[in-house]
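Both backbone and side-chain heavy atoms feed into the values below; hydrogens, waters and symmetry mates do not.
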Amino acid sequence: MSTPARYDFDTVIDRRGTWCVQWDGVADRFGVDGLLPFTISDMDFETAPEVLTALRVRLDHGVLGYTTWQQDDFRSAIAHWFATRYGTEIDTGRLVYGPSVLSQLSQLLQMWTAEGDGVVVHAPTYDGFRKAITGLGRKLRGVPVGDAAALERELARADAKVLVLCSPHNPTGRVWTEAELRETAALARRHGVAVISDEIHADFVHDGHRHVPWTRVGGDGRWALISSGSKSFNFPALTGSYGIIGDPADRAEFLRRMETAEGLASPAVLSLTAHIAAYREGGPWLDAVREYVAGNLALVAERLNGAFPELAWEPPQAGYLAWIDVRPLGVDDEALQRVLIEREKVAVMPGAVYGAPGFLRLNAGCPRSKVEAGMAALVRAVRAVR
């Protein structure tokens, strides 16, 4: 695969000593410092140069006072992105802002559920969902990805109040088809269940697949789409996210809670700046980084299937996270983690974090040389414990 020369994704940038969760915080999860990490889902690349330029210009202004997201530059940039990327017109009057996608999720859960209510998710489940749902005292109800009958059974339960949809799905990288989404929307309406669609991975859908925003299928049901440019353009440290809420009364209540109970009167100005630049000018960079990551995932497939043909592993439909089912290899999860950490000095997320023992989630959003090193270590570790 060829990548435009104006973007360099091969150069390794040293992130150590920058308060980086993936590199500096690896001991918090794995108990050992100095591991080569393939963990939390941010990338080891600089953000788009257009974003960096916009940030420098804003900083050069020198005044960093209180600001507002309710201005046309921000709202029209989001509308432009949805129109050009997804062929979807959005009503900017439905937009809301939050510090993060998970903070929006928490606020919506508090609006639409009570303690003890059931919240349906697809399994395996992103651990941030699990923490938010159970931390609020709600009951986590998991249904296997792609099991429509199980989804309907859970939505039909009397205490089921919300479906949290990850679209595309994390950690599997599954892209829901428009037919699947329309059926899900119909089921939710039939059973009176609200839908919160987390679409933060939407921009990383790979060739041959198409992301359909929930705004296209939600209709008159109770729903919210929550997202951010931070994942696709790699600026989560700036914080900031946005949402689209279907019902005007729900939108007004969300804003009231954010501005009063949560005290969010002024958003992070650099986040607004980054979003506007990314959505107005960052498309070519995103296309290039997605192509580069697709090459990384092809390398993962080549190394895995070359060493262990029985896996027949295929790259995900979206994202830069390789979701690997190692159950056909008959290896013990704990033994494999010990070898990866103690002998290979590599950190790879165990599937148990997402409720799926026997799997691994490996972050391939990094220079190819790092992927090469990680895959060599993983192959050696598996062979050591078989």
Side-chain angles (χ1 to χ4, degrees), residues 75 78-79 81-83 85-98 100-114 117-122 125-126 128-129 132-133 136 138 140-143 145 148 151-152 154-157 159-170 174-203 210-228 241-258:
R75 291 184 293 199
I78 297 171
W81 191 251
F82 273 71
R85 284 279 147 169
Y86 309 125
T88 299
E89 300 297 321
I90 64 168
D91 178 359
T92 57
R94 291 180 168 183
L95 284 169
V96 297
Y97 181 90
S100 70
V101 162
L102 285 178
S103 72
Q104 289 193 75
L105 172 66
S106 175
Q107 199 61 242
L108 290 163
L109 288 174
Q110 292 174 72
M111 284 173 51
W112 292 343
T113 67
D117 282 343
V119 177
V120 181
V121 297
H122 285 95
T125 307
Y126 166 50
F129 289 172
I133 293 166
L136 289 170
R138 278 56 170 173
L140 186 77
R141 301 274 171 69
V143 297
V145 168
L151 177 62
E152 181 161 23
E154 290 299 332
L155 295 179
R157 293 176 65 153
D159 68 345
K161 303 301 181 185
V162 167
L163 166 66
V164 177
L165 180 71
C166 200
S167 179
H169 184 259
N170 175 15
R174 167 74 174 272
V175 175
W176 308 104
T177 67
E178 184 164 355
E180 288 172 324
L181 293 172
R182 291 194 180 280
E183 177 60 23
T184 299
L187 287 174
R189 286 194 295 270
R190 184 183 310 157
H191 298 292
V193 174
V195 178
I196 304 171
S197 182
D198 175 354
E199 303 188 10
I200 199 170
H201 293 277
D203 296 333
R210 181 173 66 95
H211 174 70
V212 177
W214 190 260
T215 55
R216 295 261 290 273
V217 303
D220 58 1
R222 172 172 265 184
W223 57 265
L225 181 161
I226 54 179
S227 192
S228 172
S241 69
Y242 59 88
I244 305 171
I245 298 180
D247 181 74
D250 283 334
R251 177 182 181 273
E253 174 61 11
F254 180 93
L255 290 176
R256 185 194 70 79
R257 287 168 174 256
M258 280 294 187

Please report the closest heavy-atom contact between [X] and [Y], naming both atoms and the distance.
{"X": "R216", "Y": "G87", "value": "NH1-O, 4.1 Å"}
{"X": "R251", "Y": "I245", "value": "N-CG2, 3.7 Å"}
{"X": "L155", "Y": "A188", "value": "CD1-N, 4.2 Å"}
{"X": "D91", "Y": "G93", "value": "OD1-N, 2.9 Å"}

Expected output: side-chain [X] to main-chain [Y] donor-acceptor under 3.5 Å:
{"X": "R189", "Y": "G218", "value": "yes"}
{"X": "R174", "Y": "V145", "value": "no"}
{"X": "R157", "Y": "R141", "value": "no"}
{"X": "S241", "Y": "G98", "value": "yes"}
{"X": "S167", "Y": "L165", "value": "no"}

Does a donor on one side chain sit under 3.5 Å from an acceptor on the other, for T184 and E180?
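Looking only at side-chain atoms, E180 and T184 do not form any donor-acceptor pair under 3.5 Å.
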
So how far is it from [X] [atom1] to [Y] [atom2], rounded to the nearest 0.5 Å?
{"X": "R222", "Y": "K161", "atom1": "CZ", "atom2": "NZ", "result": "10.5 Å"}
{"X": "S227", "Y": "H201", "atom1": "OG", "atom2": "NE2", "result": "9.5 Å"}
{"X": "I133", "Y": "S106", "atom1": "CD1", "atom2": "OG", "result": "10.5 Å"}
{"X": "L225", "Y": "W214", "atom1": "CG", "atom2": "CH2", "result": "10.0 Å"}
{"X": "E178", "Y": "H211", "atom1": "CD", "atom2": "NE2", "result": "11.0 Å"}
{"X": "I226", "Y": "L102", "atom1": "CD1", "atom2": "CG", "result": "7.5 Å"}

Please tell me if the side chains of [X] and [Y] come closer than 4.5 Å, counting only heavy atoms from C-beta onward.
{"X": "V96", "Y": "M258", "result": "no"}
{"X": "F129", "Y": "L109", "result": "no"}
{"X": "L163", "Y": "L151", "result": "yes"}
{"X": "F82", "Y": "P213", "result": "yes"}
{"X": "T88", "Y": "W81", "result": "no"}
{"X": "I90", "Y": "I78", "result": "yes"}
{"X": "W223", "Y": "T215", "result": "yes"}

Counting only heavy atoms not in Q110, do more than 12 sit closer than 6.0 Å to its CD atom?
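Yes, enclosed.
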
For the pair W112 and D117, evaluate side-chain contact (heavy atoms from CB on, under 4.5 Å) and give the outcome as yes or no after the intermediate values.
CA-CA 10 Å; W112 292 343; D117 282 343; over 6 Å; no

Can you list the steps and then say if L187 with R190 is a side-chain contact (heavy atoms from CB on, under 4.5 Å)?
CA-CA 5 Å; L187 287 174; R190 184 183 310 157; 3.3 Å; yes

Go through the steps for Q104 and D198 under the test side-chain contact (heavy atoms from CB on, under 4.5 Å), then give the verdict.
CA-CA 10 Å; Q104 289 193 75; D198 175 354; over 6 Å; no

Please test M111 against V162 for side-chain contact (heavy atoms from CB on, under 4.5 Å), starting from the C-alpha separation and ending with a verdict.
CA-CA 11 Å; M111 284 173 51; V162 167; over 6 Å; no

For the residue pair W176 and H169, does the interplanar ring angle fall in the parallel (under 30°), tilted (30 to 60°) or perpendicular (over 60°) class?
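Aromatic pair W176/H169 classed perpendicular.
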
